[in-house]
Amino acid sequence: MEMIDLRSDTVTLPSPQMREAIYHAELGDDVFGDDPTVNRFERSAAERMGKEAALLVVSGTMGNLVSILTHCGRGAEVILGDRCHTHLYEAGGISALGGIHPRTVPNQPDGTLRLEDIEAAIRPDNVHFPRTRLVCLENTHNRCDGAALTAEYTARVVDLAHRRGFAVHLDGARIFNAAVALGVDVRELARGVDSLSFCLSKGLAAPVGSVVCGSKSFIAEARRTRKMLGGGMRQAGVLAAAGIVALETMIDRIREDHENAARLAEGIARIGGLSIDLARVQTNIVYFDVTAQRLKAEELVQRLGARGVRILSTGPARLRAVTHYGITAGDIDQTISVLTEVMNA
Ligand code: TLP
């Protein structure tokens with residue numbers, strides 16, 4: 001049975017053009033700075049984000065960890081959303097490996113942190129307190145329905161942080177989804193932030209890799225942090241080659257993923273026993289709930305799986321489906337009909 005895998009956009013397989021580029025990549029030892037493909041990729045990634053420099057890392061988790069460790073010393077405090085990926089799903093790495101104290105403030109349903117909440121979380125200068133060094137944003141916001149944060153909002157947070165003497169890191173794992181949804185250049189969404197990480201292996205469909213972007217001096221320091229974490233890679237041009245193709249060919253097509261997500265959401269809205277807030281589906285992430293008392297989310301996942309559709313349960317009654325490269329409108333129609341069949345059984 002051919003599976004329709006909507007568990008995440010991380011399941012994407014590299015395009016034929018990526019495989020070709022990997023095969024032909026010119027390579028060297030990147031820890032010595034000698035891999036020409038990595039160097040070319042990092043220059044173009046930085047340029048695309050409007051930053052001075054970039055650093056290839058293995059994953060989104062490592063991108064956030066390297067960035068936060070580079071901004072903060074041990075005992076520093078970072079302000080972040082209570083539903084952000086770094087806080088929920090990165091194994092507590094900033095505390096475990098960096099001795100960094102997380103200070104959560106509530107994520108609003110649209111993925112933002114209220115400026116008043118950030119302001120109230122800033123520590124006064126007093127021996128009792130850790131020092132506030134950083135605030136983290138996430139765009140698009142995974143747990144907040146894939147919401148896209150606007151450039152105007154980000155600018156307000158940057159302004160507040162810089163006025164109060166600390167930095168901003170943006171987890172832009174899916175920042176190109178935000179740029180496409182908002183119809184803006186991705187540079188607008190990256191403007192002013194001191195660092196950002198974005199993923200090659202999600203909506204952009206490359207097999208492995210994320211990128212940290214920032215100033216030249218920040219990236220030089222981040223390179224040292226990456227080495228400390230064991231993330232210095234040698235002939236990493238095999239990854240960067242796919243990254244180059246990802247940046248060249250995979251951004252514009254994201255629109256299709258958003259159309260498929262909207263199509264799926266509209267289908268779900270028509271099925272009894274499921275509920276969805278259509279207005280919240282802005283990008284490629286579709287969260288919905290089972291309202292039928294007899295069925296748990298996990299059971300629904302099992303039944304769909306048996307019929308060739310894979311999605312994730314993210315709570316007792318909550319589910320997530322993510323559209324991506326390789327998923328067609330036909331796959332979405334098939335998913336809707338399987339969901340309808342299972343719910344009516
Ligand atoms: N998210 C994954 C899972 O870990 C939940 C997914 O399937 O959505 N930032 C954000 C906003 C993310 O959504 C993810 C991955 C990461 C960082 C981490 O990236 P990786 O998996 O490359 O370490």
Side-chain angles (χ1 to χ4, degrees), residues 5-14 45 55-69 78 80-94 96-97 102 104 107 110-113 136-149 154 168-179 181 186 189-190 193 195-213 226 229-231 233 236 239 242-243 246 254 257 261 281-287 297 301 310-315 318-327:
D5 195 343
L6 301 173
R7 287 173 303 166
S8 181
D9 46 10
T10 58
V11 303
T12 44
L13 297 175
L55 179 73
L56 179 65
V57 294
V58 299
S59 65
T61 300
M62 187 183 269
N64 289 329
L65 183 60
V66 161
S67 301
I68 297 171
L69 260 57
V78 51
L80 30 66
D82 62 350
R83 289 201 268 169
C84 78
H85 194 275
T86 298
H87 190 58
L88 293 179
Y89 299 117
E90 294 176 14
I94 61 169
L97 304 172
T104 56
N107 271 116
D110 64 358
T112 61
L113 308 175
C136 294
L137 298 176
E138 185 176 311
N139 196 8
T140 63
H141 202 290
N142 185 343
R143 287 300 298 234
C144 296
D145 302 272
L149 271 50
T154 304
V168 180
H169 170 68
L170 174 62
D171 176 353
R174 298 185 179 84
I175 196 158
F176 287 106
N177 292 84
V186 73
L189 303 179
V193 304
S195 61
L196 77 105
S197 55
F198 73 92
C199 293
L200 300 170
S201 63
K202 300 192 170 62
L204 301 187
V208 179
S210 289
V211 190
V212 177
C213 301
R226 181 187 69 172
L229 295 172
M233 296 175 281
L239 307 181
I254 284 176
D257 299 338
V281 181
Q282 270 186 60
T283 59
N284 68 328
I285 299 183
V286 180
Y287 281 96
V301 166
R310 306 182 84 174
I311 62 172
L312 280 186
S313 73
T314 62
R318 198 156 175 77
L319 299 131
R320 187 187 81 162
V322 184
T323 56
H324 51 80
Y325 173 68
I327 294 295

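Heads up: numbering here begins at 1 and tracks the sequence. Counting convention: from 1, in listed order, for ligands and their atoms alike.
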Per-atom contacts, ligand 1 versus [X] - under 4.0 Å to a heavy atom:
X: Glu90; value: 17 (C)
X: Gly60; value: 18 (C), 19 (O), 20 (P), 22 (O), 23 (O)
X: Ser59; value: 22 (O), 23 (O)
X: Arg174; value: 6 (C), 8 (O), 12 (C), 13 (O)

Mind listing the closest non-hydrogen atom pair of [X] and [Y] along with its distance?
X: Asn107; Y: Cys144; answer: CB-SG, 4.0 Å
X: Ala321; Y: Ile311; answer: CB-CG2, 3.9 Å
X: Ser210; Y: Ser59; answer: OG-C, 3.1 Å
X: Ala205; Y: Tyr325; answer: CB-CD2, 3.7 Å

**Message:** Donor-acceptor check, side chain of Glu138 to backbone of His85, threshold 3.5 angstrom: yes or no?
**Reply:** yes

**Message:** Please check this pair: side chain of Asp5 against backbone of Arg7, looking for a donor-acceptor N/O pair closer than 3.5 Å.
**Reply:** yes

**Complete:** Honestly, for Ala173 the part within reach of ligand 1 (heavy atoms, under 4.0 Å) is side chain

**Asked** Contact between Arg320 and ligand 1, counting heavy atoms under 4.0 Å?
**Response** yes

**Asked** Heavy atom of Arg7 under 4.0 Å from ligand 1?
**Response** no

**Message:** Can you see whether His324 engages Asn284 through a side-chain donor-acceptor pair at a distance of less than 3.5 angstrom?
**Reply:** no

**Prompt:** Passes side-chain contact (heavy atoms from CB on, under 4.5 Å), Val57 versus Ser197? Steps please.
**Reply:** CA-CA 9 Å; Val57 294; Ser197 55; over 6 Å; no

Test of proximity, [X] against ligand 1: N or O pairs below 3.5 Å:
X: Thr10; result: no
X: Ser8; result: yes
X: His85; result: yes
X: Asp171; result: yes
X: Glu138; result: no
X: Thr140; result: no

**Item:** Protein contact to atom 23 (O) of ligand 1 [nearest heavy atom, distance to 0.1 Å]
**Value:** Thr61 OG1, 2.6 Å

**Request:** For atom 19 (O) of ligand 1, grab the closest protein heavy atom and report residue, atom and distance to one decimal in Å.
**Result:** Lys202 NZ, 2.9 Å

**Message:** If the threshold is 4.0 Å, N to carboxylate O, is there a salt bridge linking Asp9 and Arg320?
**Reply:** no

**Message:** Please determine whether side-chain contact (heavy atoms from CB on, under 4.5 Å) holds for the pair Arg174 and Cys199, giving the CA-CA distance in whole Å, both sets of side-chain angles, and the decisive distance to 0.1 Å.
**Reply:** CA-CA 7 Å; Arg174 298 185 179 84; Cys199 293; over 6 Å; no

